[in-house]
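If you scroll down you'll find the structure; I have some questions about it.
Just so it is clear: chains get the letters A, B, ... in the order the sequence lines come, proteins before strands, and each one is counted from 1. Just so you know, these numbers come straight off a predicted model, no measurement behind them. Just so you know, these numbers use all the heavy atoms, side chains as well, and skip hydrogens, waters and symmetry mates.
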2 protein chains.
Amino acid sequence: MHENCRLESVKNNGNSKPEVEEVDRNHVLSERKRREKINERFTILGSLVPSGGKVDKVSILDHTIEYLRELERRIEELESHKEAAELGSSTQSKPLDAIERTSDNYGPSKNGSTKKPSINKRKASEMEKTGGESTRSRLRDSSTDNVTITIADNDVSIEMRCSWRECVLLEVMEAISKLHLNTQSVQSSIDDGILSMTIKAKCKGLKTASASVIRQALQRVVRKS
Amino acid sequence: MHENCRLESVKNNGNSKPEVEEVDRNHVLSERKRREKINERFTILGSLVPSGGKVDKVSILDHTIEYLRELERRIEELESHKEAAELGSSTQSKPLDAIERTSDNYGPSKNGSTKKPSINKRKASEMEKTGGESTRSRLRDSSTDNVTITIADNDVSIEMRCSWRECVLLEVMEAISKLHLNTQSVQSSIDDGILSMTIKAKCKGLKTASASVIRQALQRVVRKS
DNA sequence: ATCAACACGTGATCC
DNA sequence: TGGATCACGTGTTGA
């Protein structure tokens, strides 16, 4: 890739053959389409991930990465618990175990391996260094305490507090609505800049909404702006 | 969005001020940096999600989205199991006690266990803005519509009742927000299909919407679908 | 006025 | 030859 031989492009006289014109019309067009496609995904991702208010691309990617790792961590943890529980009364749960091979593929990922047949692959996060105290296992931010979710049957009770911000209540309710919950009652008040609310809702459809998902969604709204 | 009439390209000779050169050198440089930052995240993401061999940006984003949803689904499921296990201390008799549960295959969407994930393939449209929810409710029970507005200084008190409809509360609050009112407190409940609410708000700006304007806006929300 | 983030059009490269 | 993807430099816009 040597560069720098480029001067002003030839914008010139429409005299030359229209072929060129046509072809790069298409070019510019498809590129535009590609861009908007990418941006669409970015928007989706940003709405899917606890990106605290930040919407720029790098932040979205960063938060996505972090969130992904956290989710995997939690899954691993939950599964180990589940296994421990399943394995009968074996009193001890295994402390920690690398369940799977940690294949690190990084960088120029040009593996010609796994073809397209069913995606049966799962990636591990990066290696956990041996030794070294890298466990920030409890990655809970302090705002966790602000949201309390109680679920009984189809009834969901949400109790939360957060510092007030304009439209925050509206956004909370939008979030709830998007979770397929029908709001049944609301009580909210502002005290000393702190918004407190209690919301009761019912599951709209058969879709299981919940628990942590709700909490995360709400925290996403609350968490910074 | 018309634009033109801007042809300000003074191609200055390097004579006058080097600052120009400097400044957009910086520009191109930082942009380059931004790009490589983004690409770095893309690489990481691509190594973190089960991307079936595809490494192009759109695919990475797509797979990330899909994977993220799957992880959340999975967590949800595991947590519900965990809750069930915790609460029900009764013997969880597993029909089979095959211990060979070592390997994990969380494959993509191949679980047939007690759950029917309604898979939505691709095609996630955007969200944003208000409005879009099309809920067909053709009932216009105007007899129950009742809106009372009280304005004192900057304080607006809204008391209204209407027949309940999905998202109606949300839309009411959106309408209020659009009227430049800051919602201070909300009380709402549903009784026998009738939604009653009391909302107190403060005028955001200096412009105070008149009571009739507010009332009309709210009534429009109530009887529109 | 500096900085950061973005979208755009364009040339290059790879099936 | 053509469609798709990328990196690049640039113009623009908000803080």
Side-chain angles (χ1 to χ4, degrees), chain A residues 1-14 16-47 49 51-65 107-113 115-116 165-166 224-225, chain B residues 1-14 16-47 49 51-65 122 126 128:
Chain A
M1 289 26 177
H2 309 83
E3 67 296 45
N4 280 358
C5 312
R6 197 106 291 99
L7 297 179
E8 300 299 324
S9 63
V10 265
K11 189 50 158 299
N12 59 2
N13 26 18
S16 53
K17 308 229 167 137
E19 11 169 290
V20 168
E21 200 172 306
E22 179 82 18
V23 75
D24 74 5
R25 272 305 174 232
N26 251 357
H27 185 32
V28 58
L29 188 74
S30 63
E31 175 65 7
R32 209 185 300 222
K33 201 175 162 214
R34 170 178 168 268
R35 257 184 322 240
E36 75 182 38
K37 216 165 169 184
I38 292 186
N39 284 340
E40 182 191 346
R41 315 305 156 102
F42 263 107
T43 309
I44 297 181
L45 249 193
S47 83
V49 119
S51 37
K54 310 287 282 179
V55 284
D56 71 276
K57 291 196 173 67
V58 188
S59 300
I60 289 184
L61 292 176
D62 274 340
H63 288 128
T64 299
I65 293 175
S109 65
K110 206 44 181 179
N111 288 343
S113 62
K115 266 315 188 328
K116 104 179 4 175
R165 164 180 55 95
E166 191 156 328
K224 268 184 290 206
S225 134
Chain B
M1 313 329 195
H2 313 84
E3 77 289 334
N4 41 10
C5 56
R6 187 61 52 194
L7 292 179
E8 182 74 13
S9 306
V10 208
K11 203 54 179 280
N12 201 347
N13 295 356
S16 59
K17 300 212 172 154
E19 17 170 284
V20 164
E21 193 176 316
E22 184 83 13
V23 78
D24 82 337
R25 206 138 161 110
N26 239 358
H27 186 33
V28 57
L29 188 74
S30 62
E31 175 65 8
R32 208 186 301 226
K33 184 133 198 200
R34 171 177 168 268
R35 261 191 313 249
E36 75 182 37
K37 218 165 170 181
I38 291 186
N39 283 339
E40 180 192 344
R41 316 305 156 103
F42 263 108
T43 310
I44 297 182
L45 251 193
S47 82
V49 311
S51 43
K54 314 279 283 181
V55 285
D56 69 277
K57 291 198 174 70
V58 188
S59 299
I60 289 184
L61 292 176
D62 274 340
H63 288 131
T64 300
I65 292 174
R122 61 208 46 175
E126 295 250 350
E128 174 172 26

Discussion item. Quick check for you: to the nearest 0.5 Å, what is the distance between B:I60 atom CD1 and A:L45 atom CG?
Written reply: 11.5 Å
Worksheet item: C:dC3 C1' sits how many Å from B:D24 CG, rounded?
Response: 14 Å
Item to complete: Nearest whole angstrom, please: distance from the C1' of C:dC6 to the NZ of B:K33.
Response: 19 Å
Item to complete: Report the distance from atom CG of B:L61 to atom CD of A:E40, rounding to the nearest 0.5 Å.
Response: 10.5 Å
Fill in: Separation of atom CG in B:L29 from atom P in D:dT10, rounded to whole Å
12 Å
Practice prompt. With sequence neighbours excluded, tell me which residues meet side chain to side chain contact (heavy atoms under 4.5 Å, CB included) with A:R34.
Written response: A:E31, A:I38, B:K57
Practice prompt. Assign each of B:R32 and A:N26 to its nearest nucleotide of DNA chain D by heavy atoms, then name whichever residue's nucleotide is nearer the 5' end.
Written response: A:N26
Practice prompt. To the nearest Å, give me how far apart CZ (B:R25) and C1' (C:dT2) are.
Written response: 18 Å
Worksheet item: Less than 3.5 Å between a donor and an acceptor, one on the side chain of B:R35 and one on the base of D:dG9, is that the case here?
Response: yes
Pairs under 3.5 angstrom, nitrogen or oxygen only, protein versus nucleotides 4-6 of chain D, please.
from  : atom 1 : to    : atom 2 : distance (Å)
D:dC6 : OP1    : B:K57 : N      : 2.7
D:dC6 : OP2    : A:R34 : NE     : 3.1
D:dC6 : OP2    : A:R34 : NH2    : 2.7
D:dC6 : N4     : A:E31 : OE1    : 3.1

Worksheet item: CD/A:E22 to NE2/A:H27 distance, rounded to the nearest 0.5 angstrom?
Response: 14.0 Å
Worksheet item: Who passes salt bridge (charged side-chain N to carboxylate O under 4.0 Å, His left out) against B:R32, sequence neighbours left out?
Response: none
Practice prompt. Examine distances only and state if a side-chain atom of A:T43 and a backbone atom of A:N39 form a donor-acceptor pair shorter than 3.5 Å.
Written response: yes
Item to complete: Tell me the stems DNA chain C sits in, counting at least three consecutive Watson-Crick or G-U wobble pairs, each under 3.5 Å on both distances.
Response: C:2-15 with D:2-15
Discussion item. From CD of A:E36 over to P of C:dC8, roughly how many Å is that when rounded to an integer?
Written reply: 9 Å
Worksheet item: How would you list, by chain and number, every residue that makes a side-chain hydrogen bond (donor to acceptor under 3.5 Å, both in side chains) with A:S59, sequence neighbours excluded?
Response: A:D56
Worksheet, complete the sentence: dist B:H63:NE2 -> B:K54:NZ (nearest 0.5 Å) comes out at 8.0 Å
